[in-house]
Amino acid sequence: MNECGGRAPQRGANATNADAIVRVRRGGLTETILIEWKYTESYKQATQRWAAGNQTRLERYADLIFAPNGPVRADCGLAPEAFFHEPVYQLLRQQMLAYQMQRHREDGAERVRVLHVSPAQNTALHRMTAPGLPEGDVFEVFANLLEHPDTFTTVTTNRMFAPLARLADTDTLTGEWISQLKRRYPFAFDG
């Protein structure tokens, strides 16, 4: 995605990545799921300092954002800069990565989606901070701007882990893992 300037990509260094990747066969299709986990993150309103890198962002991504060459609806009436505020910027990059992976059928993937996992109680994370985008839950707003909203899914941590938490009573290894998660992130299992 025009990020590495000819160098090999290095995780966390000017290259879009996800926290985890899973490949499944579903409905006869090979599907890749890019997973992003958030726990305690929150983001402030955009600052002028952040805008200093917009020219580089435009050079890298302007041609990869909007349909038909990218995941965002072309009819939403937004400029690329509207997406250059966290956490929307990260969501956009991951969605563009998923789009390009599917387009190029990377490793045989016929469908590529992004799954975002975060605690329902982290209301600061869910607050829209990008001034050029509609107000509301950042994940709902983002999904509604996509050409194919079903390629982005958000789920709360407690909903994601609820089936495993039920298994914790009968499976020792799962029980130990869930206990560790509950100690480290107690809010993720509330509600």
Inset, instruction - Go through the steps to decide whether Ile35 and Val22 satisfy the test side-chain contact (heavy atoms from CB on, under 4.5 Å), and finish with yes or no. - result: CA-CA 8 Å; Ile35 303 171; Val22 176; 3.6 Å; yes
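- Expressed to the nearest 0.5 Å, how far OG1 of Thr154 lies from CD of Glu140 amounts to 8.5 Å.
- Leu78 approaches Phe66 most closely through the heavy-atom pair O-CZ, 3.2 Å.
- With sequence neighbours left out, Glu147 forms a salt bridge (Lys or Arg N to Asp or Glu O under 4.0 Å) with no residue at all.
- Here the side chains of Val114 and Thr153 are not in contact, with every heavy-atom distance at 4.5 Å or above.
- Shown here is Glu59, whose CD atom has more than 12 heavy atoms of other residues, nucleotides or ligands within 6.0 Å.
- Between Trp37 and Asp19 the shortest heavy-atom distance is N-OD2, 2.9 Å.
- Once rounded to the nearest 0.5 Å, the distance linking CD of Glu86 with CG of Leu91 reads 8.0 Å.
- For CG of Asp63, the number of neighbouring non-hydrogen atoms (other residues, nucleotides, ligands) closer than 6.0 Å is 12 at most.
- Geometrically, Arg57 engages Tyr89 in a cation-pi contact defined by less than 6.0 Å to the ring centre and at most 45° from the axis.
- Between the side chains of Arg23 and Thr30, no donor-acceptor pair of N or O atoms lies under 3.5 Å.
- Leu34 places a side-chain heavy atom less than 4.5 Å from the side chain of Met101.
- Two residues are said to be in side-chain contact when any heavy atoms from C-beta on lie closer than 4.5 Å; Leu64 and Tyr99 fail this criterion.
- One N or O on the side chain of Asp137 and one on the backbone of Phe139 form a donor-acceptor pair closer than 3.5 Å.
- Looking at heavy atoms from C-beta onward, Thr56 lies out of side-chain contact with Asn54 at the 4.5 angstrom threshold.
- Of all heavy-atom pairs between Leu125 and Asn122, the closest is N-OD1, 3.1 Å.
- Under the 3.5 Å distance criterion, with hydrogens and angles disregarded, no donor-acceptor pair is assigned to the side chains of Thr32 and Glu106.
- Between atom CZ of residue Arg73 and atom CG of residue Asp75 there is a gap of 4.5 Å, rounded to the nearest 0.5 Å.
- Summarising the geometry, atom CZ belonging to Arg60 is positioned 11.5 Å from atom CD belonging to Gln55; distances are rounded to the nearest 0.5 Å.
- Here Glu31 does not pair with Arg25 in a salt bridge; the nearest charged N to carboxylate O distance is not below 4.0 Å.
- Neither side chain, Gln94 nor Thr16, offers a donor N or O lying under 3.5 Å from an acceptor on the other.
- Using cut-offs of 30° and 60° on the angle between ring planes, the pair Phe152 and His116 is tilted.
- Contact record, Pro71 with Gln95: CB-CG, 3.7 Å, taken as the closest heavy-atom pair.
- Residues Thr129 and Val138 form no side-chain contact, since every pair of their non-hydrogen atoms from C-beta on lies 4.5 Å or further apart.
- Inter-residue side-chain proximity for Pro134 and Asn144 is flagged as unmet; no heavy-atom pair is nearer than 4.5 Å.
- Considering only heavy atoms from C-beta on, Leu92 comes within 4.5 Å of Phe142 through its side chain.
- Closest approach of Ala143 and Pro149 over heavy atoms only: O-CB, 3.4 Å.
- Between Glu36 and Ala18 the shortest heavy-atom distance is OE1-CA, 4.0 Å.
- Between Leu133 and Val88, the closest side-chain pair of non-hydrogen atoms falls below 4.5 Å.
- Taken from CD1 in Ile65 to CZ in Arg93, the straight-line distance is 11.5 Å, to the nearest 0.5 Å.
- Ser118 OG to His126 NE2: the interatomic distance, rounded to the nearest 0.5 Å, is 3.5 Å.
- In this structure a side-chain-to-backbone donor-acceptor pair under 3.5 Å is present from Gln100 to Asn69.
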